[in-house]
Amino acid sequence: MTLAEHVLLTGVGRWRADRIVQPRTVGVSCAGHVLLRGDPERLTPEELTPWADSYVDAPARFLPLLDSAFDRLTPWERMVWTQQAEPQPHSVPRGVTVRRLGPADAHALTALAPDRGWLAASWGGPRGLAASGHCWAALDRGGRPLALACTYFRGARYEEVAAFTTPDHRRHRLALACVTALSADIISRGHMPSWDCSVHNRASRLLAWSAGFRLVREYVHYAVGQPVTRGGHAEGRAA
């Protein structure tokens, strides 16, 4: 439910319900992730089309609806961790500074590789993430981010952590330094750092373990494709 709380807190994302008063089905979306709860019979496949090419967290009872709405429905096994141990010792190279980013650092986040835009998506983009105060980075002398860790979804109790290191600065534990700093910051707010990753992402699991995170539970969410064509066109599923 951290995603839903994040949308309420930040205003980034959208809520959809079958009705305003006492809704029977609710969907919350942010940064390409969707949380679906309630009664799937209150929705039609067409009403799900805004969530094409998203990752959907939904109970099994929603699967027939999702399968009829999209040309692809791929299960993705996930792991949820919380920080329960001390992070492993680490140091940063000379000339590298680990600090909290602020509004003036938005340009540095914008300069990251375009395919890393997902890091700031849950805050509405680089400006929102920089201004949030929820991002720590390892910066070189010129102020270029070499690694960073940020709160991806902030809830009332948990803050989900995301991290990234530029390819040419990996294996120096810079992400570990950023995650450690961010986790301490999260705890100082009275919240619990959490981690969500694919069971197949060994690098992410190793970083989580090194930062003191331990497995809490596993679950499945679903990558959905494009809406199934209807209305005068042939319906069919992708091969």
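Computed from a predicted model, the values in this text were never measured in an experiment.
When side chains are defined from C-beta on, Arg144 counts as touching His169, because their heavy atoms get closer than 4.5 Å. Side-chain contact between Arg37 and Pro59 is present, with heavy atoms from C-beta onward closer than 4.5 Å. Using a 4.5 Å cut-off on side-chain heavy atoms (C-beta onward), Pro193 and Leu182 make no contact. Within the 4.5 Å cutoff, the side chain of Met79 has heavy atoms near those of the Arg205 side chain. Contact annotation: the side chain of Phe70 never approaches that of Pro45 to less than 4.5 Å [non-hydrogen atoms, C-beta and beyond]. Under the 4.5 Å side-chain criterion, counting only non-hydrogen atoms from C-beta, Arg78 is not in contact with Val199. The shortest distance between side-chain heavy atoms of Leu35 and Val26 does not fall below 4.5 Å. With a 4.5 Å cut-off on side-chain heavy atoms, Leu66 and Val56 count as touching.
For the atom pair NE2 (His107) and CZ (Arg127), the distance works out to 10.5 Å, reported to the nearest 0.5 Å. Here Thr49 contributes atom OG1 and Glu47 contributes atom CD; the two are 9.0 Å apart, rounded to the nearest 0.5 Å. Taking CZ of Arg173 as the start and SG of Cys178 as the end, the distance is 13.0 Å to the nearest 0.5 Å. Between the CG atom of Asp18 and the OG1 atom of Thr25 there is a distance of 5.0 Å, given to the nearest 0.5 Å. Rounding to the nearest 0.5 angstrom, the gap separating the CH2 atom in Trp81 from the CG atom in Leu207 is 10.0 Å. With rounding to the nearest 0.5 Å, the separation of OG1 in Thr2 from CZ in Arg157 is 10.0 Å.
Between Arg61 and Asp39, no side-chain nitrogen of the basic residue sits less than 4.0 Å from a carboxylate oxygen of the acidic one, so the salt-bridge criterion is not met.
A donor-acceptor pair shorter than 3.5 Å cannot be found between the side chains of Thr82 and Trp195. Side-chain N/O atoms of Trp136 and Thr180 include no donor and acceptor closer than 3.5 Å.
Between Phe62 and Ala58 the shortest heavy-atom distance is CB-CB, 3.8 Å. Shortest non-hydrogen contact noted between Val12 and Cys30 is O-SG, 3.5 Å. Scanning both residues, Pro126 and Ala106, for their nearest heavy atoms gives CB-O, 3.9 Å. Here the closest heavy-atom approach between residue Ala52 and residue Pro227 is recorded as CB-CD, 3.7 Å. In terms of heavy-atom proximity, Leu48 sits nearest to Ala69 at CD1-CB, 3.9 Å. Ala147 and Ala175 make their closest contact through CB-N, 3.8 Å (heavy atoms, listed as atom of the first residue, atom of the second, distance).
Using a 4.5 Å cut-off between side-chain heavy atoms of Ile, Leu, Val, Met, Phe, Trp and Tyr, with links allowed through other members, Val34 and Tyr55 fall into different hydrophobic clusters. Under a hydrophobic clustering in which Ile, Leu, Val, Met, Phe, Trp and Tyr are joined whenever their side-chain heavy atoms come within less than 4.5 Å, directly or via other members, Leu3 and Leu8 fall into the same cluster. A continuous path of ILVMFWY side-chain contacts below 4.5 Å connects Leu176 to Ile186, so both sit in one hydrophobic cluster. The cluster map of Ile, Leu, Val, Met, Phe, Trp and Tyr, joined by side-chain heavy atoms under 4.5 Å apart, puts Val161 and Tyr158 in different clusters. Linking ILVMFWY residues whenever their side-chain heavy atoms come closer than 4.5 Å, directly or via other members, leaves Met192 and Leu215 in distinct clusters.
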Residues 149-156, side-chain donor-acceptor partners within the protein, below 3.5 Å, at least two apart:
| from | atom 1 | to | atom 2 | distance (Å) |
| --- | --- | --- | --- | --- |
| Thr151 | OG1 | Glu159 | OE1 | 2.7 |
| Tyr152 | OH | Trp118 | O | 3.3 |
| Arg154 | NH1 | His134 | NE2 | 3.0 |

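Side chain of His6 to main chain of Ser122: a donor-acceptor pair is present (N/O by atom type, distance under 3.5 Å, no hydrogens or angles). At distances below 3.5 Å, not a single donor-acceptor pair connects side-chain atoms of Arg19 with backbone N or O atoms of Arg24.
For the side chain to side chain contact (heavy atoms under 4.5 Å, CB included) criterion with Leu174, the lone passing option out of Leu146, Leu148, Val179, Thr166 is Leu146.
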For salt bridge (Lys or Arg N to Asp or Glu O under 4.0 Å), just list the numbers for Arg99 and Asp105, CA-CA rounded to whole Å, side-chain angles, deciding distance to a tenth of an Å, and then say yes or no. CA-CA 11 Å; Arg99 65 168 175 83; Asp105 297 301; 2.9 Å; yes

Where do Ser183 and Phe213 land on the side chain to side chain contact (heavy atoms under 4.5 Å, CB included) test, with the steps shown first? CA-CA 10 Å; Ser183 296; Phe213 290 78; 3.8 Å; yes

Please lay out, stage by stage, how Gln226 and Asp53 fare under the test side chain to side chain contact (heavy atoms under 4.5 Å, CB included). CA-CA 6 Å; Gln226 287 294 304; Asp53 292 323; 2.4 Å; yes

Carefully, step by step, assess Glu160 and Val80 under the rule side chain to side chain contact (heavy atoms under 4.5 Å, CB included). CA-CA 9 Å; Glu160 182 183 320; Val80 176; over 6 Å; no

Which is it for Trp76 and Ser198 under the side chain to side chain donor-acceptor pair (under 3.5 Å) test, yes or no, and what are the steps along the way? CA-CA 7 Å; Trp76 195 358; Ser198 166; 3.0 Å; yes

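For the side chain to side chain donor-acceptor pair (under 3.5 Å) condition, the pairs that include at least one residue of residues 206-225, sequence neighbours left out, are Asp196-Tyr219.
Within 6.0 Å of CZ on Arg170 lie more than 12 heavy atoms contributed by other residues, nucleotides or ligands.
By the side chain to side chain donor-acceptor pair (under 3.5 Å) test, Glu41 pairs with no residue at all, sequence neighbours left out.
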